[in-house]
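Data first, discussion second: the structure below is written as structure tokens.
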Amino acid sequence: MHVGIAGEVRCVVTKADGKVKIDTGFQKNLILNQGLDFFGGGKGAYINASCAIGSGNSSPAITQTKLDSFLAIASGSDTTSNYSYVDEGDGLYKMWEQRKYRFTNLDNVNISEVGLVSQGGTTDYYLTTRALIKDSSGAAGSISLKLGETLDIYYKIYKVIDTTDKSFVVNILDGAGGSVPYNMIVRPVLVGNNNTNSVSPSALSFPSNLKFTTSDLVAIATFPSTGQVDAATAVTYSTYVAGSYKLVITSSIGLNAANTTFRTLTTFIGAATGGNYAFFNVQIRFGRVSDDAPLTKTNKDTLSIPLEFSWGRFEGEL
């Protein structure tokens, strides 16, 4: 399964009397390579924990690791999100999380660049996104902030999932030197459910939850819950390689578990800190190529299922 990551940023300057001086509106920003590596784990709990501003004006590049000229950093607050699903006919599920970052007590500074920070402070921070501040027409420029004025930055991070079925064939080893080809169909699960999806948390640093069922694939907004098979599993993660933007998660079942016939595997990868949310929610159907029979396991079999999950920038319209 593959997901796309994108972002939008809006800057609002308010005068001391409460009147809005500048409102740039939302504009797309660049997800840095570091921002994609964040999801491999070990770079903080949230891709959007803080926001940094600076006075540099170089064109954003995916290889950047810092702002050109750092000025200040602020923690996020007032988190809002939208996990609802609207079928727009493009086969995509777009969800977002927004945080607000407030900057005050800055006197006569010119701000021209902005980016999200997942961890760190003024001198050692991990930058995940970067954008130049633009006016409402899209022209790059700067914001002059006077004493008594407030700068509020609203940052949205989007996660985009292709909801269409993906099909491929895998050869399952039979333990006797041979293999049996199975058709596999992968489909998202629990699309639109705000209790099971996440956007910003470091999704792949946490154990996965797997459920085997005898039921067939279900609609993308639900999950296969009938005929659930008890299967205690050992889950291992591959070591994340910077720049790969993928991770292989292997589930292993011993001789004395899940000794039955099952049709689907549903998995939730990456529970968020303090919650029960996941970065990948997916159902997988097994059907033997020769006759579409489901997968059968006995007490003479062990079962090991490697699953590769990947992510990258989403370049389309938000």
Completion exercise
Scanning both residues in full, the closest heavy-atom pair of S58 with L132 reads O-CD2, 3.5 Å
Under 3.5 Å, which donor-acceptor pairs link side chains of residues 176-190 to any protein atom two or more places apart or in another chain?
from	atom 1	to	atom 2	distance (Å)
R187	NE	D165	OD1	2.7
R187	NH1	V218	O	2.9
R187	NH2	D165	OD2	2.8

Problem - Within 6.0 angstrom of K134 NZ, more than 12 heavy atoms from elsewhere - result: no
Handout entry: Plane angle bin for W311 and Y245 - parallel if under 30°, tilted between 30 and 60°, otherwise perpendicular
Key = tilted
Exercise for the section: Using the six-membered ring of F309, assess whether NZ or CZ of K246 lies under 6.0 Å from its centre and within 45 degrees of the ring axis. Expected result: no
Problem - Derivation of the side-chain contact (heavy atoms from CB on, under 4.5 Å) call for N193 and V191 - result: CA-CA 6 Å; N193 190 315; V191 166; over 6 Å; no
Exercise for the section: Using a strict 4.0 Å threshold on nitrogen-to-oxygen distance, state whether E113 and R130 make a salt bridge. Expected result: yes
Completion exercise
To the nearest 0.5 Å, atom CD1 of I153 lies from atom CD1 of I143 at 7.5 Å
Problem - Joint cluster assignment, Y125 & F38, ILVMFWY side-chain distance < 4.5 Å - result: no
Exercise for the section: Evaluate the side-chain proximity of D292 to R285: yes if any heavy-atom separation is below 4.5 Å, no if none is. Expected result: yes
Problem - Cation-aromatic face contact K211/F223, 6.0 Å, 45 degrees - result: no
Completion exercise
d(C11 SG, L151 CG) to nearest 0.5 Å is 6.0 Å
Practice task
Indicate yes or no for a side-chain donor-acceptor contact from Y93 to the backbone of Y83 under 3.5 Å, with no hydrogens or angles considered.
Solution key: yes
Handout entry: Hydrophobic cluster identity match, V9 and L106, side-chain contacts under 4.5 Å
Key = yes
Practice task
Find out if a path of hydrophobic residues (ILVMFWY) with successive side-chain heavy-atom gaps under 4.5 Å connects V117 to L30.
Solution key: yes
Practice task
Measure the shortest side-chain to side-chain distance between Y155 and N29 over non-hydrogen atoms and say whether it is less than 4.5 angstrom.
Solution key: yes
Practice task
Could you point out which residue of L295, T296, T214 forms a side-chain contact (heavy atoms from CB on, under 4.5 Å) with T261?
Solution key: T296
Practice task
May I ask whether F168 and V3 are part of the same hydrophobic cluster, defined by side-chain heavy atoms of I, L, V, M, F, W, Y residues being less than 4.5 angstrom apart, directly or through others?
Solution key: yes
Handout entry: Separation of T128 OG1 from I47 CD1 (nearest 0.5 Å)
Key = 4.5 Å
Fill in the blank from the handout: Grouping ILVMFWY residues whenever side-chain heavy atoms fall under 4.5 Å, the cluster of L318 otherwise contains L92, W96, Y158, V160, F314
Handout entry: Minimum heavy-atom distance between G54 and L67, given as atom pair plus value
Key = N-CD1, 3.7 Å
Practice task
Would you give the length of the straight line joining atom OH of Y126 to atom NZ of K43, rounded to the nearest 0.5 angstrom?
Solution key: 5.0 Å
Exercise for the section: With the side chain counted from C-beta on, respond yes when I305 and F212 share a heavy-atom pair under 4.5 Å apart, and no when they do not. Expected result: yes
Fill in the blank from the handout: Distance col, row D216:CG vs R263:CZ, nearest 0.5 angstrom, shows 5.5 Å
Pairs under 3.5 angstrom only: tabulate donor-acceptor contacts from the side chains of residues 12-22 to other protein residues two or more places apart or in another chain.
from	atom 1	to	atom 2	distance (Å)
D17	OD1	K19	N	3.0
K21	NZ	S144	O	3.0
K21	NZ	E149	OE1	3.2
K21	NZ	E149	OE2	3.3

Problem - side-chain contact (heavy atoms from CB on, under 4.5 Å) assessment of S238 paired with L247 - result: CA-CA 6 Å; S238 63; L247 202 66; 3.5 Å; yes
Practice task
Locate the shortest heavy-atom distance separating T267 from L307; write the atom from each residue and the value.
Solution key: CG2-CD1, 4.2 Å
Handout entry: S142 vs I111 side-chain heavy atoms within contact, under 4.5 Å
Key = no
Fill in the blank from the handout: The reported gap from OG1 in T129 to CD in Q64 (rounded to nearest 0.5 angstrom) is 10.5 Å
Exercise for the section: Report whether L32 and L36 are members of the same hydrophobic cluster (ILVMFWY, side-chain heavy atoms less than 4.5 Å apart, transitive linking). Expected result: no
Handout entry: Any side-chain heavy-atom pair of R10 and D23 under 4.5 Å
Key = yes
Problem - Verdict with reasoning, Y85 to I220, per side-chain contact (heavy atoms from CB on, under 4.5 Å) - result: CA-CA 10 Å; Y85 171 63; I220 60 174; 4.0 Å; yes
Problem - Nearest non-hydrogen partners of N57 and S112, listed with the distance - result: N-OG, 4.3 Å
Practice task
Compare all side-chain heavy atoms of I253 with those of K297 and state whether any distance is below 4.5 angstrom.
Solution key: yes
Problem - Min side-chain heavy-atom separation Y101-Y154 under 4.5 Å - result: no
Problem - Distance-minimising heavy-atom pair for V114 and C51 - result: CG2-SG, 3.4 Å
Exercise for the section: For side-chain contact (heavy atoms from CB on, under 4.5 Å), just list the numbers for Q98 and N82, CA-CA rounded to whole Å, side-chain angles, deciding distance to a tenth of an Å, and then say yes or no. Expected result: CA-CA 9 Å; Q98 174 185 283; N82 186 352; over 6 Å; no
Exercise for the section: Verify, without hydrogens or angle tests, whether E308 (side chain) and V248 (backbone) share a donor-acceptor contact under 3.5 angstrom. Expected result: no
Handout entry: Centroid-centroid distance, F39 to Y240, less than 6.0 Å
Key = no
Problem - Validation row: I161, M95 side chains within 4.5 angstrom (heavy atoms) - result: yes
Handout entry: Considering all heavy atoms, the nearest I5-I31 contact
Key = O-CG1, 3.8 Å
